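Encoded as structure tokens, the structure appears first; notes follow it.
All figures in this text were calculated on a predicted structure; none of them were measured in a lab.
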Amino acid sequence: MSRNRRLILSPPSRVWSLLADGLRYGEWVSGTQRVIAADPQWPEVGARLRVRVGIGPLALDDTCVVRICEPQRRLELEAKADPFGAARIAMHLVPWGEHTLFLLEWHPLRGPGTRMHGLPVDYLVSIRNGMMLTKLARIAVREQRRGEPAAVPSASGA
């Protein structure tokens with residue numbers, strides 16, 4: 001399992017607005033070449049996000065399914081990238097004064113990743129996820145400074 005933490009100098013509502021907009025994942029999720037489609041009900045439980053991931057010409061399509069959604073607090077996804085299997089991605093937003101302590105966990109669920117699980121793989125995933133949190137923090141802080149309104153969640157939390 002890989003665990004990363006990052007203090008984001010923006011409130012949880014702003015950080016959540018980025019998580020709740022599936023079409024923006026390509027801006028901050030490392031390795032995402034583009035978002036192919038986001039279900040309109042994203043991030044409700046069962047909603048799907050289809051993305052193309054990879055480096056250069058080496059790419060594959062990935063599907064993320066929302067497994068747990070607690071608006072402005074917690075989002076857990078199952079990322080499926082055949083033939084590599086699936087992983088659990090858990091994101092927790094903890095209010096920290098006026099800011100957000102973002103906790104990220106990655107854990108392989110199925111496929112070859114479960115056999116390769118351990119120090120070398122977890123270390124590489126941790127580096128990737130650290131870069132991802134840095135991007136997310138920069139976007140949230142930039143939008144906070146510009147005074148851009150955070151998305152207002154609907155009654156469903158999206």
Counterpart residues, side chain to side chain contact (heavy atoms under 4.5 Å, CB included), relative to [X] (two or more places apart):
X	answer
Arg5	Arg3, Leu103
Ala38	Leu23, Leu49
Arg67	Val65, Glu78, Lys80

Side-chain contact test, heavy atoms from C-beta onward, threshold under 4.5 Å: evaluate it for [X] versus [Y] and give yes or no.
X	Y	value
Val15	Pro12	no
Ile89	Leu104	yes
Val94	Arg73	no
Glu70	Leu75	no
Val125	Ile127	no
Glu44	Cys69	no
Met91	Leu77	yes
Asp62	Arg52	no

**Message:** Which Ile, Leu, Val, Met, Phe, Trp or Tyr residues join Ile36 in one cluster when any pair of side-chain heavy atoms under 4.5 Å counts as a link?
**Reply:**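 Cluster partners of Ile36: none, it stands alone.
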Using every non-hydrogen atom in the two residues, find where [X] and [Y] come nearest and quote the distance to one decimal.
X	Y	result
Gln33	Ala59	OE1-CB, 3.4 Å
Thr32	Gly26	CG2-CA, 3.6 Å
Ile8	Ala140	CG2-CB, 4.0 Å

**Message:** Could you check whether Arg74 pairs with Glu76 (Lys NZ or Arg NE/NH1/NH2 to Asp/Glu carboxylate O, under 4.0 Å)?
**Reply:**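 Yes, charged N to carboxylate O under 4.0 Å.
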**Prompt:** Salt bridge between Arg24 and Glu27, side-chain N to carboxylate O under 4.0 Å?
**Reply:**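 Salt bridge present between Arg24 and Glu27.
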Keeping [X] on the side-chain end and [Y] on the backbone end, is there a donor-acceptor pair under 3.5 Å?
X	Y	value
Thr134	Gly130	yes
Ser126	Tyr123	no
Arg6	Leu101	no

**Asked** Once you round to the nearest 0.5 Å, how far does CG of Leu124 lie from OG of Ser2?
**Response**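 Between atom CG of Leu124 and atom OG of Ser2 there are 9.5 Å.
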**Nearest-0.5 Å distance that lies between atom CG in Leu93 and atom OG in Ser10** =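 So the gap between those two atoms works out to 11.0 Å.
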**Item:** side-chain hydrogen bond (donor to acceptor under 3.5 Å, both in side chains): pairs with one or both residues in residues 94-104, sequence neighbours excluded
**Value:**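 For residues 94-104, and leaving out neighbouring residues, there are no side-chain hydrogen bond (donor to acceptor under 3.5 Å, both in side chains) pairs at all.
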**Request:** Please step through side-chain contact (heavy atoms from CB on, under 4.5 Å) for the pair Leu7 and Leu9, ending with a clear verdict.
**Result:** CA-CA 6 Å; Leu7 181 63; Leu9 303 179; 4.2 Å; yes
**Asked** Got a sec, which pairs hit ring-ring contact (aromatic ring centres under 6.0 Å, His included) with one end in residues 19-41, sequence neighbours left out?
**Response**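 Qualifying pairs, neighbours excluded: Tyr25-Trp28, Tyr25-Trp42.
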